[in-house]
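These numbers come from the heavy atoms of this one structure, side chains and all, not from hydrogens, waters or symmetry mates.
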Amino acid sequence: MRLKDLVEVSEVEEAEGNMNQEVSGLAYDSRQVKKGHVFFAVPGARTDGHRFAAAALEEGAAAVVVEHKTPLPQGAAWVRVRSVRRTMGLWSALYFAQPSRRMVLVGVTGTNGKTTVTYLLESIFAAAGMAPGVIGTINYRFSGRALPAPHTTPESVELQALLAQMAGAGVRSVAMEASSHALEMERVRGIEFDGALFTNLTRDHLDFHADMESYFAAKSRLFTDYLGASSKSKKFAVVHGADPRGKMLLDKIRGLHLDVWSYGRGPEWDVHAVELEGNIDGLRGRIRARGEEIEFSSGLIGMANLENILGAVGVGFALGLPKSAIAEGIARLGSVPGRLERIQNELGISVLVDYAHTPDALERVISAVRPLTGGKLICVFGCGGDRDRGKRALMGEIAGRLGDLAVLTSDNPRSEDPLSILAEIEEGVRQTGLRKSQISNFKSQLENPKSKIQNLKLERGYFVEPDRRAAIRLALRLARAGDLVLLAGKGHEDYQILGDRRIHFDDREAAREELATLKTVTG
């Protein structure tokens, strides 16, 4: 492909040099540049790619794409555009032969539920014989392969390369999580979406977005910008209308020539449940979608997952998939890694691992599992360092108000002092009147693996234990048959970031190991 072919698909402000050169690749990191590559000088929060444009040319780049005039060697090929990121997306799509045109592609955005919805869509697409692929938080999956996911939504060069790889492997449908960062930073520019789904919007990523309005504006762009720019002939939007921001989004997209489907628990929405049963083993019932009905049975638990199922059903109907495939796809999905994932044991304790790391997510998940336990609800959670500090006290208040026992611990402290983070969470817990219990009071029992903590006064209260493994051990030692232990915040993650170190840590592994010790003691 020649440079002039790429130049023709974007709004160019100015260009100089040999436009007839063959392009052998695309790069936005000067260290990855090879001979014949186009280098995109992406402006960033920490550094500006324009600083490395000359170095990229020295490494053999065919041309550089810039936003403002930059000192470059005499005779170098360069292209100036208004937005390097936008251009990178459009050029990447063309360079990799527009792979999204050759498959059904559904973008999923919102604060909570994106990952579960993509798993549901993957299962539904598979049941419909549509050879699915998934791009999301946990990994990138297609044709029996699972690739690591450095970002929920990759940069446009990697994203288009991945879609081309999927298309080459015979993938016919893709469910893709679209993060607010990706939407704001043009990573999905050039993708031809068939449809988009909005789950909800609650406080998150305010370390990146200026405020909730900016956050909502970024999410809305999937519908008002990227979906609108798609050349697909029949485009649809599925929106959680019962969410306050969902109602606002529905108003925004009316008149955009989309097939709009709303969903929610009530009968006023296009997709809603008309019969429902739920317990610790899952959900079942009937769902109505614009007069059509399906029976469903799912191993997913809680009302938040009902909403995720309703959204996925909306996509299935919007695509015109057989009702049998939609129902089969829902039934096939037993669980989602780190999303209310059950840790089996023989002690009669319900142990659930969930990714809830925002105030709304924590409130949703505790509210969902509260009716599923006849005993105490024990919640282990923390908050990440170098992130939105304002949510810490909010999450503490939620855990104290809705749970019985809370164990405050480290999440990913990063460069912050773990005890300082915990102190901010603790402010919120204290507002609920929960009393703090000192771990030192149970030191002998905790150090003795053959003992369990026996203190009937510990029906309500909270502990502070910075060591996450020790916090999980404490929660499980406090639990009795019939109790429910929720390990919140890290979900599928198998690491913990302490300072500048990234160590292996998986809540699920830790819980299984501690439960095995308890079983040995009690069995």
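- Here Arg364 contributes atom CZ and Thr202 contributes atom OG1; the two are 7.0 Å apart, rounded to the nearest 0.5 Å.
- Formation of a donor-acceptor pair under 3.5 Å by the Ser100 side chain with backbone atoms of Glu192 is found in this model.
- Considering every non-hydrogen atom in both Pro337 and Ile138, the closest pair reads O-CD1, 3.5 Å.
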Item to complete: Applying side chain to side chain contact (heavy atoms under 4.5 Å, CB included), run through Ile497 and Arg501 and close with a yes or a no.
Response: CA-CA 6 Å; Ile497 304 173; Arg501 294 184 302 128; over 6 Å; no

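- Between the CD atom of Glu277 and the CG atom of Leu283 there is a distance of 10.0 Å, given to the nearest 0.5 Å.
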| said: Between Glu158 and Tyr140, does the side-chain hydrogen bond (donor to acceptor under 3.5 Å, both in side chains) criterion hold? Intermediate values first, please. | reply: CA-CA 12 Å; Glu158 286 85 5; Tyr140 311 144; over 6 Å; no

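- Residues Val239 and Tyr263 fail the side-chain proximity criterion, which asks for heavy atoms closer than 4.5 Å.
- A salt bridge links Asp281 and Arg342; the closest N-O separation between the charged side-chain nitrogens and carboxylate oxygens is under 4.0 Å.
- Looking at His504 and Tyr495, their side chains never come closer than 4.5 Å, going by heavy atoms from C-beta outward.
- Salt bridge status for Lys490 with Asp507: absent, with no side-chain N to carboxylate O gap under 4.0 Å.
- Using a 4.0 Å cut-off between charged side-chain N and carboxylate O, Arg414 and Asp500 make no salt bridge.
- A salt bridge is absent between Arg82 and Glu67: the closest approach of a Lys/Arg side-chain nitrogen to an acidic carboxylate oxygen does not fall below 4.0 angstrom.
- With sequence neighbours left out, Asn308 forms a side chain to side chain donor-acceptor pair (under 3.5 Å) with Asn305.
- Applying the salt bridge (Lys or Arg N to Asp or Glu O under 4.0 Å) test to every pair with at least one member in residues 428-441, sequence neighbours left out, gives these pairs: Glu426-Arg430, Glu426-Lys436.
- Exactly one of His357, Glu424, Arg392, Arg389 qualifies for a side-chain contact (heavy atoms from CB on, under 4.5 Å) with Cys383. That residue is Arg392.
- Side chain of Asp483 to main chain of Lys376: a donor-acceptor pair is present (N/O by atom type, distance under 3.5 Å, no hydrogens or angles).
- The NE2 atom of His272 lies 14.5 Å from the CD atom of Glu307; values are rounded to the nearest 0.5 Å.
- Panel note: side chain Glu416, backbone Asp386; a donor-acceptor pair is recorded below 3.5 Å.
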With side-chain hydrogen bond (donor to acceptor under 3.5 Å, both in side chains) as the criterion, how do Ser335 and Arg339 come out once you've worked through the C-alpha distance, each side chain's angles and the decisive distance to 0.1 Å?
CA-CA 8 Å; Ser335 64; Arg339 272 61 175 177; over 6 Å; no

Let's go through Asn200 and Asp360 carefully: what are the C-alpha distance in whole Å and the side-chain angles of both, what is the deciding distance for side-chain hydrogen bond (donor to acceptor under 3.5 Å, both in side chains) to 0.1 Å, and is it a yes or a no?
CA-CA 10 Å; Asn200 50 58; Asp360 180 73; 5.2 Å; no

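- Counting only heavy atoms from C-beta outward, the side chains of Val65 and Met88 never approach each other to under 4.5 Å.
- The side chain to side chain donor-acceptor pair (under 3.5 Å) test applied to Glu513 returns Arg469, not counting sequence neighbours.
- What you find for Ala237 and Ile253 is that their closest heavy atoms are CB-CD1, 3.8 Å.
- Salt-bridge formation is not detected for the pair Glu514/Arg477: no Lys NZ or Arg NE/NH1/NH2 atom is positioned less than 4.0 Å from an Asp or Glu carboxylate oxygen.
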Practice task
Please report the C-alpha distance between Lys219 and Ser180 in whole Å, then the side-chain angles of each, then the deciding distance to 0.1 Å, and finally whether the side-chain hydrogen bond (donor to acceptor under 3.5 Å, both in side chains) criterion is met.
Solution key: CA-CA 5 Å; Lys219 293 289 191 183; Ser180 59; 4.5 Å; no

Problem - side chain to side chain contact (heavy atoms under 4.5 Å, CB included) assessment of Leu147 paired with Asn139 - result: CA-CA 6 Å; Leu147 307 176; Asn139 52 30; over 6 Å; no

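- The two residues Ile301 and Leu340 have their closest heavy-atom pair at O-CD1, 3.4 Å.
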Could you check Val485 against Leu352 for side chain to side chain contact (heavy atoms under 4.5 Å, CB included), going step by step and ending with a plain yes or no?
CA-CA 6 Å; Val485 176; Leu352 300 170; over 6 Å; no

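- A donor-acceptor pair is defined here as one N or O able to donate and one able to accept, closer than 3.5 Å; no such pair exists between the side chain of Asp467 and the backbone of Ala471.
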Inset, instruction - Kindly indicate, with the supporting measurements, whether the criterion side chain to side chain contact (heavy atoms under 4.5 Å, CB included) is fulfilled by Ser367 and Leu402. - result: CA-CA 7 Å; Ser367 299; Leu402 299 178; 3.8 Å; yes

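- Here the two rings, on Tyr355 and His492, have centers that are under 6.0 Å apart.
- With Thr109 contributing its side chain and Ser179 its backbone, the two residues share no donor-acceptor pair below 3.5 Å.
- Counting only heavy atoms from C-beta outward, the side chains of Lys114 and Phe198 never approach each other to under 4.5 Å.
- Residues Arg473 and Glu465 are not paired through a salt bridge, judged by the lack of any N-O separation under 4.0 Å between the basic side chain and the carboxylate.
- In this structure, the side chains of Ser156 and Leu90 stay at 4.5 Å or more apart for every pair of heavy atoms.
- Residue pairs meeting the side chain to side chain donor-acceptor pair (under 3.5 Å) criterion with at least one member in residues 238-247, sequence neighbours excluded: Glu213-Arg245.
- Under a 3.5 Å cut-off, the side chain of Arg460 and the backbone N or O of Gly400 do form a donor-acceptor pair.
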Quiz prompt | Full working for salt bridge (charged side-chain N to carboxylate O under 4.0 Å, His left out) between Glu184 and Arg85 | solution = CA-CA 10 Å; Glu184 186 73 16; Arg85 283 192 169 279; over 6 Å; no

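- Residues passing the side chain to side chain donor-acceptor pair (under 3.5 Å) test with Thr137, sequence neighbours excluded: Thr152, Glu177.
- Looking at heavy atoms from C-beta onward, Leu183 lies in side-chain contact with Tyr226 at the 4.5 angstrom threshold.
- Closest approach of Leu227 and Phe236 over heavy atoms only: CD2-O, 3.4 Å.
- With hydrogens and angles disregarded, no donor-acceptor distance shorter than 3.5 Å links the side chain of Ser350 to the backbone of Leu484.
- Residues passing the side chain to side chain contact (heavy atoms under 4.5 Å, CB included) test with Pro418, sequence neighbours excluded: Ser410, Pro413.
- Two residues are said to be in side-chain contact when any heavy atoms from C-beta on lie closer than 4.5 Å; Arg512 and Ile343 meet this criterion.
- A salt bridge links Asp404 to Arg370: one of the charged nitrogens lies within less than 4.0 Å of a carboxylate oxygen.
- Under the 3.5 Å distance criterion, the side-chain polar atoms of Thr118 are matched with a main-chain donor or acceptor of Thr115.
- Scanning both residues, Leu486 and Ile366, for their nearest heavy atoms gives CD2-CG1, 3.8 Å.
- Side chains of Phe381 and Asp411 form no contact here, defined as non-hydrogen atoms less than 4.5 Å apart.
- Of all the heavy atoms in Ala510 and Ile472, the pair that sits closest is CB-CD1, 4.0 Å.
- To the nearest 0.5 Å, atoms CG (Leu487) and CG (Asp354) are separated by 10.0 Å.
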